[in-house]
Amino acid sequence: MTSRSKELMSRNELEAALREIGATRYHSLHPFQTLLQEGRLTRPQVQAWALNRYYYQANIPVKDSIILARLGSVELRREWRQRILDHDGSETERGGIEKWIALTDGVGLDRAYVESGEGILAGTRFAVDAYVHFVRDRSLLEAIASSLTELFSPSVIGVRTKGMLAHYDFISKETLAYFDKRPVQAKRDSDFALTYCLDHADTREKQDQVVEALRFKCQVLWAQLDALYFSYVDPALTPPDAWRPGEAETGREAA
Ligand SMILES: O=C(O)c1cc(C(=O)O)c2c(n1)C(=O)C(=O)c1cc(C(=O)O)[nH]c1-2
């Protein structure tokens, strides 16, 4: 990295640098992800994942609303507002947050408890809050670039849902309905964000900022899985205020 030339990268070089980050730093490479998709977690460990990830889901439209407010044209806002609709839904269509609640319902967690955010890990909260603050505090270009992890999500979503359905008897297709539309939405969103970044990163400094924003976002995702691994897998040292296996159970009859 020290020998990095400071010349402007071509569009192809910048895109390759971004894809390289995905190939080496995306959360698909995290050991917790591997355990999850290979069926090597217990039901409480899967519950811990679903509970903590709710906080990420719930904050995605918050961070997108911040970006929306910073966009200076009708065309850009029209494009970006779709993301908020996808997660918040409408009178006639369930959004992603509601579908994530169906997922936590499906694994037997009490809805009010999940929505309260009580019992999530500090690592989850710090990582997700850092993402929201990043899009508020950094340039618009960096804020948009930080969503580029979605370039890499369709493949990990496919592997994860297939693995979970094959390996866990308490997981059904309905439970994982959240993921049905995500690959198509993620492709649409990340294609747009990538084009925006390639068009607007017109100095080497801005190109480096785009690369760093993606690296930061990979860390946001990675840190969430670190927190789960340390607290529920090994050494399973669940912190004092966090959810403990058996808590907020709605009973197993739904499974
Ligand atoms: O299941 C996944 O692995 C995964 C990853 C990501 C991502 O790469 O940030 C998102 C999602 N899912 C997702 O469902 C989602 O709505 C989403 C929004 C964003 C974003 O940064 O705007 N990332 C992601």
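What you see below is based on every heavy atom in this structure, not just the backbone, and it leaves out hydrogens, waters and symmetry mates. Order of appearance sets the numbers: ligands from 1, and atoms from 1 within every ligand.
Residues W100 and D105 are not in side-chain contact: their nearest non-hydrogen atoms beyond the backbone lie 4.5 Å or more apart.
Against a heavy-atom cut-off of under 4.0 Å, V156 is close to the following atoms of ligand 1: 3 (O). Distances below 4.0 Å separate heavy atoms of H87 from the following atoms of ligand 1: 16 (O). Under a 4.0 Å criterion applied to the non-hydrogen atoms of R83, ligand 1 contributes the atoms 22 (O). Close contacts between ligand 1 and Y178 involve ligand atoms 13 (C), 14 (O), 15 (C), 16 (O) [criterion: under 4.0 Å to a heavy atom]. Within ligand 1, the atoms closer than 4.0 Å to a non-hydrogen atom of Y131 are 20 (C), 21 (O), 22 (O), numbered from 1 in the order shown. Near I60, meaning under 4.0 Å from one of its heavy atoms, ligand 1 places the atoms 18 (C), 19 (C), 20 (C).
Judged by distance alone, the side chains of Y178 and Q57 do bring a donor and an acceptor atom under 3.5 Å apart. In this structure, a donor-acceptor pair under 3.5 Å is absent between the side chains of S90 and E93. With no hydrogens or angles considered, a side-chain donor-acceptor pair links Q47 and E249 at under 3.5 Å.
The ring of H30 has its center closer than 6.0 angstrom to the ring center of W222. W243 has its ring centre no less than 6.0 Å from the ring centre of W49.
In terms of protein heavy-atom proximity, atom 22 (O) of ligand 1 is closest to K63 NZ, 2.8 Å. Looking at atom 7 (C) of ligand 1, its nearest protein heavy atom turns out to be T149 OG1, 3.3 Å.
Only side-chain heavy atoms of L221 come within less than 4.0 Å of ligand 1; its backbone N, CA, C and O stay farther off.
Distances between N or O atoms of S153 and those of ligand 1 include no value under 3.5 Å. Checking only distances, S147 never comes within under 3.5 Å of ligand 1, N or O to N or O.
When all heavy atoms are compared, the tightest approach of S146 to V135 is OG-CG1, 3.8 Å.
Distances from atom 8 (O) of ligand 1 to the heavy atoms of F152, F179, Y56, Y26 put Y26 nearest. Considering K217, R182, R53, Q185 only, the shortest heavy-atom separation from atom 11 (C) of ligand 1 involves R53.
Judged by distance alone, with hydrogens and angles left aside, the side-chain atoms of E13 form a donor-acceptor pair with the main-chain N or O of S10 at under 3.5 Å.
In this pair, H200 and Y196 present their aromatic rings parallel. The plane angle is below 30°, not in the 30 to 60° band.
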